[in-house]
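Let me begin by presenting the structure, written as structure tokens, before commenting on it.
Every number for a ligand or one of its atoms is a count from 1 in the order of the listing. All of these numbers come straight from a predicted model, not from anything done at the bench.
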Amino acid sequence: MEVCTCIVPCFNEEEAIPYYYEEMQKVMQKVPELDFELLFVDDGSCDGTLKILKELAQKDSGVRYISFSRNFGKEAALYAGLQNAGGDYAVTMDVDLQDPPSLIPEMYKVIQQGEYDSVATRRVTRKGEPKIRSFFARKFYQIINKMSDADIVDGARDFRFMKRSMVDAILSMKEYNRFSKGIFGWVGFKTKWLEYENVERVVGETKWSFWKLFRYALEGIIAFSTTPLSIVSVIGMVICFLSFILLLVIIIRALLVGDPVAGWPSLVCIITSLGGVQLLCTGIVGLYLSKAYLETKNRPIYIVKEKN
Ligand code: UDP
Ligand code: MG
């Protein structure tokens, strides 16, 4: 029988895990052709998550867990899950039931038809989310799709049903700065998109603050596009050109009219604005450099404390 591994990152989710487990039992019964394996990745939780996972693993041999030595982030948890997934198929999903497990039978049906290598999901509404968050999320997808050649779909979730070949492709991308939405798009493969309305968390609250999301968005742009660097070079060239023209104007004016002292305000404006532009550009270059620095250190993406 073919095996399907469900990879579930959990960070302080002691309340959500029982709901998830119960929901998955129903789904498993609906797809008797597949042998399911639930692989929970405890991302350094400080509540009772690990204890619950151990209890589950003890009474159900289909449950496996990996526990990190500290919180490494959801991306690291997904990577660890994919590395440890033994199945012919892998499904990545959240534990809070925002990725409805009830879609799995439909996803498997699509894969079985043979045309697609993966089935991904996107939510078409952002109901129940703060307005400002939705606004910035939309803007982010617009910007990154203009800048990057990885196809990153607006509203795409990390809820995905994949064949082994795609899992191997993702694992071959060993970068330290992981941005799964980009990686899924970058590896290609034929993907069918299922759409659904946003579902709110079953219990608990989101682990993503606005700033965490903002940093994540920046990381995504840096990981999958070098357009900001090109923009910086263009700004530099434009300013060089303008300053050359200005120089000519000033020389000619000085030769014709004299007037060497006036112009203090304009000088201050030019100096401060150029200083600002330079700092901005150095900052952007620095962001890329810092990512390259972390990449060359070759640190492990996660550290396992224990697993079964
Ligand atoms: N998560 C994780 N590590 C983190 C943050 C989140 O493993 O540092 C997990 C979390 O337990 C959940 C999933 O990632 O299963 C999605 O998190 P959350 O529901 O908080 O995000 P949202 O759905 O609000 O985007
Ligand atoms: Mg969630």
Exercise. Establish, for the pair R160 and F184, whether the NZ or CZ atom is under 6.0 angstrom from the six-membered ring centre and no further than 45 degrees off its axis.
Key: yes
Quiz item: Between F214 and F136, does the ring centroid distance fall short of 6.0 Å?
Solution: no
Quiz item: So, for F179 and Y216, is the gap between ring centers shorter than 6.0 Å?
Solution: yes
Self-check item: Nearest-0.5 Å distance, OH of residue Y176 to CZ of residue R299
Solution: 5.5 Å
Quiz prompt | Side-chain ion pair, K74 and D43, N-O less than 4.0 Å | solution = no
Quiz prompt | Co-members of the apolar cluster containing L255 [side chain, <4.5 Å] | solution = L247, I251
Exercise. Salt-bridge test for R164 and D88: reply yes if a basic N is under 4.0 Å from a carboxylate O, no otherwise.
Key: no
Exercise. Establish, yes or no, whether the cationic atom of R138 lies under 6.0 Å from the six-membered ring centre of F140 and within 45° of the ring axis.
Key: no
Quiz prompt | Neighbouring protein N, O or S atoms of the Mg ion (ligand 2) [cut-off: under 2.8 Å, no waters] | solution = D96 OD2, Q98 OE1
Practice problem: Any ring pair (Phe, Tyr, Trp, His ring centres under 6.0 Å) involving residues 278-308? Give me the pairs, sequence neighbours left out, ordered by first then second residue. | Solution: F68-Y302
Please produce the table of protein N or O atoms sitting under 3.5 Å from N or O atoms belonging to ligand 1, one pair a line, distance to 0.1 Å.
| unit_1 | atom_1 | unit_2 | atom_2 | d |
| --- | --- | --- | --- | --- |
| ligand 1 | 3 (N) | D43 | OD2 | 2.6 |
| ligand 1 | 8 (O) | D43 | OD2 | 3.4 |
| ligand 1 | 8 (O) | N71 | ND2 | 3.2 |
| ligand 1 | 11 (O) | P9 | O | 3.4 |
| ligand 1 | 11 (O) | F11 | N | 2.9 |
| ligand 1 | 11 (O) | E13 | OE2 | 2.6 |
| ligand 1 | 15 (O) | P9 | O | 2.7 |
| ligand 1 | 15 (O) | V95 | N | 3.3 |
| ligand 1 | 19 (O) | D96 | OD2 | 2.6 |
| ligand 1 | 19 (O) | R201 | NE | 3.4 |
| ligand 1 | 19 (O) | R201 | NH2 | 2.9 |
| ligand 1 | 20 (O) | R201 | NH2 | 3.3 |
| ligand 1 | 20 (O) | K207 | N | 2.6 |
| ligand 1 | 21 (O) | W208 | NE1 | 3.3 |
| ligand 1 | 23 (O) | Q98 | OE1 | 2.6 |
| ligand 1 | 24 (O) | T206 | OG1 | 2.7 |

